[in-house]
Amino acid sequence: MRLIGRIVEVEAYGGAADPASHAFRGETPRNRAMFGLPGHAYIYYTYGMHHCLNVVTGEAGVASAVLIRALEPIEGLASMARRRGGVTRERLARGPACVARALGLTGADDGTDLTCGPLWLPAVPPRRGGWRVARGPRIGISRAVGRRWRFFLAGHPCVSGRPVPRGVEGRSGLRR
DNA sequence: GTATCGATTAGC
DNA sequence: CTAATCGATACA
């Protein structure tokens with residue numbers, strides 16, 4: 001079964017210079033893949049129950065990665081829905097743990113080469129599909145909050161985060 | 001050794 | 001808002 005999704009939301013994480021990164025305090029068994037070859041997967045286990053997928057971007061020895069926070073499901077929706085408990089299409093891969101869940105990723109996929117499948121990130125030009133690329137603060141972190149390293153398709157229904165902060169919208173203007 | 005915190009999510 | 005549940009981290 002082939003599962004395909006378009007990446008609609010990501011976050012960048014650095015190494016020793018990024019306090020919000022898992023690699024900030026150096027290499028551990030868990031973040032080891034982040035120090036490995038670029039183009040490979042860094043899949044971490046968190047909160048004792050979730051896996052999340054990153055694409056390693058730095059050269060070997062230089063910790064740097066991009067967290068895949070959300071996908072727009074394109075193919076294999078039935079399989080994704082099976083794993084995700086039959087939620088709506090928009091929610092199939094909305095949120096980093098949901099992405100890994102929908103794709104069936106586990107620790108076994110940590111460190112695998114993304115350039116040659118079975119988990120494959122095709123080297124194709126970006127397809128924004130008419131959506132505007134927006135940026136904002138990374139979600140769920142408590143340090144280096146000022147770095148706006150989250151990038152997403154503004155208004156796309158498959159992007160995570162609160163739909164609209166209750167009450168007034170645009171208060172503080174941080175969602176651009 | 002114990003205590004606390006997560007690159008989260010589902011459910012109340 | 002909280003529980004779930006465990007690796008990593010902080011601290012005695």
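Letters A, B, ... mirror the listed sequences (proteins, then strands); counts begin at 1.
The aromatic rings of H22(A) and Y44(A) lie perpendicular to each other, with more than 60° between the two planes, well past the 30° mark.
Atom CG in N31(A) sits roughly 17 Å away from atom P in dG6(B) (whole-Å rounding). Rounded to whole Å, atom C1' of dC5(B) lies 8 Å from atom OH of Y47(A). When the C1' atom of dG6(B) is taken as reference, atom NE2 of H51(A) falls 16 Å away, rounded to whole Å. Between I139(A) atom CD1 and dT9(B) atom C1' there is a gap of 13 Å when expressed in whole angstrom units. Between L92(A) atom CG and dA10(B) atom P there is a gap of 11 Å when expressed in whole angstrom units. Atom C1' of nucleotide dT8(B) and atom CZ of R91(A) are separated by 15 Å, given to the nearest angstrom. Between the C1' atom of dA7(B) and the CZ atom of F151(A) lies a distance of 15 Å, rounded to the nearest Å. In this structure, H50(A) atom NE2 and dA7(B) atom P are separated by 13 Å, rounded to whole Å.
For the P atom pair drawn from dG1(B) and dT5(C), the interatomic distance equals 23 Å after rounding to whole Å.
Distance CZ/R138(A) to CZ/R148(A): 12.5 Å, rounded to 0.5 Å. In this structure, CD1 on I7(A) lies 12.0 Å from CD on E72(A), to the nearest 0.5 angstrom. The distance from the CG atom of D110(A) to the NE2 atom of H51(A) is 9.5 Å, given to the nearest 0.5 Å.
In this structure, dG1(B) forms a base pair with dC11(C), meeting either the Watson-Crick or the G-U wobble geometry with both donor-acceptor distances under 3.5 Å. Figure legend. dA3(C) is base-paired to dT9(B); pairs are counted as Watson-Crick or G-U wobble with both atom distances under 3.5 Å.
Distances shorter than 4.0 Å separate some side-chain N or O of S142(A) from OP1 or OP2 on dG6(B). At the phosphate of dA7(B), OP1 or OP2 sits under 4.0 Å from a side-chain N or O atom of H22(A). Applying the 4.0 Å criterion to OP1 and OP2 of dA10(C), one finds that R25(A) has a side-chain N or O inside that range.
Stacking between Y13(A) and dA7(B) is present: the aromatic ring centre lies within less than 5.5 angstrom of the base six-membered ring centre, and the two planes differ by under 30 degrees.
A pairwise comparison of heavy atoms in R94(A) and P157(A) identifies NH1-O, 3.1 Å as the closest pair.
Mapping T46(A) and G26(A) onto DNA chain C by nearest heavy atom places T46(A) at the nucleotide closer to the 5' end. Each of R84(A) and R30(A) was matched to the nucleotide of DNA chain B holding its nearest heavy atom; the match closer to the 5' end belongs to R30(A).
Note on L67(A): a base of the nucleic acid sits closer than 4.0 angstrom, heavy atoms only. Among the protein residues, A97(A) comes within range of the sugar-phosphate backbone only, with heavy atoms under 4.0 Å from sugar or phosphate atoms but none that close to a base.
Considering only the side chain of S21(A), dA7(B) comes nearest among dA7(B), dA8(C), dT9(B). Side-chain atoms of Y42(A) lie closest to dA7(B) of the nucleotides dC6(C), dA7(B), dG6(B).
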In sequence, state the C-alpha distance, the side-chain angles, and the governing distance for T46(A) and R30(A), and then conclude on side chain to side chain contact (heavy atoms under 4.5 Å, CB included).
-> CA-CA 10 Å; T46(A) 190; R30(A) 180 205 198 202; 3.9 Å; yes

